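Remarks on the structure that follows.
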Amino acid sequence: MSFIEDIKNRAKEDLKTIILPEAEDIRVIKAAKKVVTQGFANIVLLGDEEKVFEICQKNNIDIEGVTIINPLKSHKKQEYIQKLYELRKTKGMTIEQAEELLKEPIYFGMMMLDDETSNADGLVSGAAHSTANTLRPALQILKTAPGTKLVSAFFVMCVPNCEYGEKGTFIFGDSGLNENPTAEELAQIAISSSNSFKNLVGKEPK
């Protein structure tokens, strides 16, 4: 069974809810439609509903089954502003700055992940945000895993008809975050990447 097939089977058993904070990007809308249609996950788009529907209408996309939340109109807005302020006030953040940041869907999405009542399991960003702008709110709100000495990134690569890796599935880390890592940092990246492989693929890393 391939990694993709395994993900599909696991999705049927335990459907996760994934937040996409770049809702007004046509690529993200198309991806949301595809994920919901294929039953990989529940999708929440963060953005202006009218703009999203306008894009869908122009491109003949039916996004039935996709949830759209406008951070500016959400009933959680004030609660998240206060929570973000409490999280960052020792770093000098004011309530006004927290309110301004929460207008950004990616910050609102990270607050949803930090909110146990939202039932959100993950967030995918990067279509319209740089790596730095994706990571910054994650580090400010969600923090790092206990014992983590270095934040690193990885790519999951699935190669069809490949005898290597886990039936063609590999993790490439760190290909896009840490520049010129030291030997010690490379070791930390290898440890983190192997743990991510085990958690994501469900197999022992090599």
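Predicted, not measured: the structure shown is a model, and the values here were computed from it. Values below: every heavy atom of this structure, side chains too, minus hydrogens, waters and symmetry copies.
- Side chain of Asp174 to backbone of Phe154: no donor-acceptor contact under 3.5 angstrom is found.
- Using a 4.5 Å cut-off between side-chain heavy atoms of Ile, Leu, Val, Met, Phe, Trp and Tyr, with links allowed through other members, Val156 and Phe197 fall into the same hydrophobic cluster.
- Looking at Leu87 and Gln140, their side chains never come closer than 4.5 Å, going by heavy atoms from C-beta outward.
- Under the 4.5 Å side-chain criterion, counting only non-hydrogen atoms from C-beta, Leu45 is not in contact with Thr67.
- Between Gly47 and Ile68, the shortest heavy-atom contact is O-CG2, 4.1 Å.
- With hydrophobic clusters built from ILVMFWY side chains whose heavy atoms lie under 4.5 angstrom apart, Leu102 shares a cluster with Ile95.
- More than 12 heavy-atom neighbours from other residues, nucleotides or ligands sit within 6.0 angstrom of NZ on Lys33.
- Hydrophobic clustering, with ILVMFWY side chains joined whenever heavy atoms are under 4.5 angstrom apart, keeps Ile19 apart from Val35.
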Check the pair Glu54 / Lys58 against salt bridge (charged side-chain N to carboxylate O under 4.0 Å, His left out), numbers first and verdict last. CA-CA 6 Å; Glu54 184 180 339; Lys58 284 182 179 178; 3.4 Å; yes
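- There is no side-chain donor-acceptor pair under 3.5 Å between Gln78 and Gln82.
- Checking Thr117 against Lys76 by side-chain atom types alone, a donor-acceptor pair falls below 3.5 Å.
- Listed here is the closest heavy atom pair of Ser125 and Leu123: CB-CD2, 3.8 Å.
- Of the possible donor and acceptor atoms, none in the side chain of Ser193 sits under 3.5 Å from a partner among the backbone N and O of Ala190.
- Taking CG from Leu20 and CD1 from Ile43, the interatomic distance works out to 4.5 Å, rounded to the nearest 0.5 Å.
- Nearest heavy-atom pair across Cys56 and Ile29 is SG-CG2, 3.7 Å.
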In sequence, state the C-alpha distance, the side-chain angles, and the governing distance for Lys16 and Asn42, and then conclude on side-chain contact (heavy atoms from CB on, under 4.5 Å). CA-CA 6 Å; Lys16 301 296 184 183; Asn42 297 313; over 6 Å; no
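- Between the side chain of Asn178 and the backbone N or O of Pro181 there is no donor-acceptor pair closer than 3.5 Å.
- You'll find the side chain of Glu49 reaches within 4.5 Å of the side chain of Lys73, heavy atoms only.
- Closest of all the heavy-atom pairs between Leu101 and Tyr107 is O-CB, 3.4 Å.
- Pairing each heavy atom of Leu46 with each of Pro105, the nearest pair is CD1-O, 3.2 Å.
- The line from CE of Met157 to CZ of Phe170 is 9.5 Å long, rounded to the nearest 0.5 Å.
- Counting only distance, with no hydrogens or angles, the side chain of Asn199 and the backbone of Asn195 share a donor-acceptor pair below 3.5 Å.
- The shortest non-hydrogen separation linking Leu177 to Val151 is CD2-O, 3.5 Å.
- For the pair Glu22 (side chain) and Val28 (backbone), a donor-acceptor distance under 3.5 Å is absent.
- Side chain of Arg27 to main chain of Ala127: a donor-acceptor pair is present (N/O by atom type, distance under 3.5 Å, no hydrogens or angles).
- Looking only at atom types and distance, the side chain of Gln97 has no donor-acceptor partner in the side chain of Tyr85 under 3.5 Å away.
- Crowding of Asn59 atom CG: a count of heavy atoms from other residues, nucleotides or ligands under 6.0 Å exceeding 12.
- From Glu50, atom CD reaches atom CD1 of Ile55 across 12.0 Å, with rounding to the nearest 0.5 Å.
- In terms of modelled atom types and a separation under 3.5 Å, the side chain of Lys203 and the main chain of Glu166 share no donor-acceptor contact.
- Applying the 6.0 Å contact sphere to NZ of Lys51 captures no more than 12 heavy atoms from other residues, nucleotides or ligands.
- Residues passing the ring pair (Phe, Tyr, Trp, His ring centres under 6.0 Å) test with Phe108 are Tyr80, sequence neighbours excluded.
- For the atom pair NZ of Lys206 and OG of Ser194, the computed distance is 14.0 Å after rounding to the nearest 0.5 Å.
- Residues Leu150 and Leu186 are members of separate hydrophobic clusters, defined by side-chain heavy-atom contacts under 4.5 angstrom among Ile, Leu, Val, Met, Phe, Trp and Tyr.
- Between the CE atom in Met110 and the CG atom in Leu139 there is a gap of 8.5 Å [rounded to 0.5 Å].
- Under the 3.5 Å distance criterion, the side-chain polar atoms of Ser118 are matched with a main-chain donor or acceptor of Met112.
- Put simply, Leu135 and Leu113 are part of two different groups of oily side chains (I, L, V, M, F, W, Y) that touch within less than 4.5 Å, one to the next.
- Looking at Ser192, its side chain never comes within 3.5 Å of a backbone N or O of Ile189 through a donor-acceptor pair.
- With rounding to the nearest 0.5 Å, the separation of CZ in Arg136 from OG1 in Thr131 is 11.0 Å.
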